[in-house]
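Everything below concerns the one structure shown next.
Fair warning: this is a prediction, and the values are worked out from it, not measured in the lab.
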Amino acid sequence: MKKKIVALLLASSMALSLSACGGSGSDSSSSKSDTKKEETVKSDKKADEATTEDSSDKANSSESDASDQGNDSTSSTSDTQTASSLNMDKCISDLKANLPLDPDYTYVQDYYIGVKDDTITITAVVDDSTDPSLALDFADTLVRQLNLYAQMQDSSIESSSQNFYGGLYTRYNALVGVAPASKTNSQKDWFVYDGISGGKVMLKLNKQYR
């Protein structure tokens with residue numbers, strides 16, 4: 001039970017590290033504000049002098065924009081429906097049921113796979129003595145196996161290959177972390193702390209383990 005809690009904490013740590021990233025905008029100076037006010041007054045005067053033909057052009061432009069937005073919305077809805085058509089909980093449960101840790105992955109203490117919105121989080125806790133290359137291999141296996149079980153539900157999902165993790169990762173982004181058991185609170189000491197986008201970003205060991 002303790003091992004499962006550690007794996008969950010590992011996943012939470014990855015999510016928090018991403019949400020902590022961001023920037024803030026700066027306020028405009030008062031001189032810029034005054035300039036904008038003057039420009040607004042001038043713009044209002046020009047608007048009052050606008051002809052009926054200008055209004056007609058704007059109306060036509062609005063109709064065109066609305067049409068474009070409708071097309072974009074349809075495309076976005078289609079992509080969302082494609083992703084949501086997958087039962088990711090079943091993909092995950094099938095993977096766990098068919099990937100026993102004995103005898104090939106005895107160095108793995110526990111692992112976790114979860115999905116939120118368009119992001120898959122995959123984390124694992126391994127023995128401190130684990131060879132870094134084995135830690136990377138296990139992460140790679142989880143990523144590819146999850147794509148395989150998604151394919152079983154949707155045959156249109158592309159298979160993985162040497163330099164491609166599979167079509168699942170064109171629909172979802174993935175965060176992947178593998179940590180030594182004693183280093184779960186220090187991301188810089190994890191064996192793997194990486195992300196996948198578009199399926200073509202191959203996982204790598206953290207710099208000190210390469």
TODO: Assess whether side-chain contact (heavy atoms from CB on, under 4.5 Å) is satisfied between Y209 and D189, documenting all intermediate values.
DONE: CA-CA 9 Å; Y209 300 111; D189 293 319; 4.3 Å; yes
Distance (rounded to the nearest 0.5 Å) between [X] [atom1] and [Y] [atom2]:
| X | Y | atom1 | atom2 | answer |
| --- | --- | --- | --- | --- |
| Q151 | E158 | CD | CD | 9.0 Å |
| T141 | L95 | OG1 | CG | 9.5 Å |
| N185 | S182 | CG | OG | 10.0 Å |
| N147 | L142 | CG | CG | 13.0 Å |
| S155 | Q153 | OG | CD | 11.5 Å |
| S93 | N87 | OG | CG | 7.5 Å |

Task: Check: R144 side chain, S161 main-chain N or O, donor-acceptor pair, under 3.5 Å - done: yes
Task: Heavy-atom donor-acceptor pair, D110 side chain to V125 backbone, under 3.5 Å - done: no
Least distance between heavy atoms, [X] atom then [Y] atom:
| X | Y | answer |
| --- | --- | --- |
| R171 | L86 | NH1-CD1, 4.0 Å |
| M88 | I120 | CE-CD1, 3.9 Å |
| L99 | Y105 | CD1-CE1, 3.9 Å |
| Q109 | A181 | NE2-CB, 3.5 Å |
| I196 | Y169 | CG2-CB, 4.0 Å |
| A150 | L168 | CB-CD1, 4.0 Å |

Task: Under 3.5 Å side-chain donor-acceptor pair for D117 and T119 - done: no
Open item on the list: For the aromatic rings, using the six-membered ring if either is Trp, is the centroid distance between F138 and Y111 under 6.0 Å?
Closed with: yes
Task: Side-chain touch D194/K204, heavy atoms, less than 4.5 angstrom - done: yes
Anything under 3.5 Å between a donor and an acceptor, one on a side chain of residues 130-137, the other on a protein residue two or more places apart or in another chain? List them.
residue: T130; atom: OG1; partner: D127; partner atom: N; Å: 3.4
residue: T130; atom: OG1; partner: D127; partner atom: O; Å: 2.7
residue: D131; atom: OD1; partner: S133; partner atom: N; Å: 2.8
residue: D131; atom: OD1; partner: S133; partner atom: OG; Å: 2.6

TODO: Look at the side-chain heavy atoms of Ile, Leu, Val, Met, Phe, Trp and Tyr, link any pair under 4.5 Å apart, and say whether V201 and I122 land in one connected group.
DONE: no
Task: Cluster link F164 to V176, ILVMFWY, side chain under 4.5 Å - done: no
Open item on the list: Determine whether Q145 and Y149 satisfy the following criterion, side-chain contact (heavy atoms from CB on, under 4.5 Å), listing intermediate values before the conclusion.
Closed with: CA-CA 6 Å; Q145 286 289 305; Y149 287 106; 3.7 Å; yes
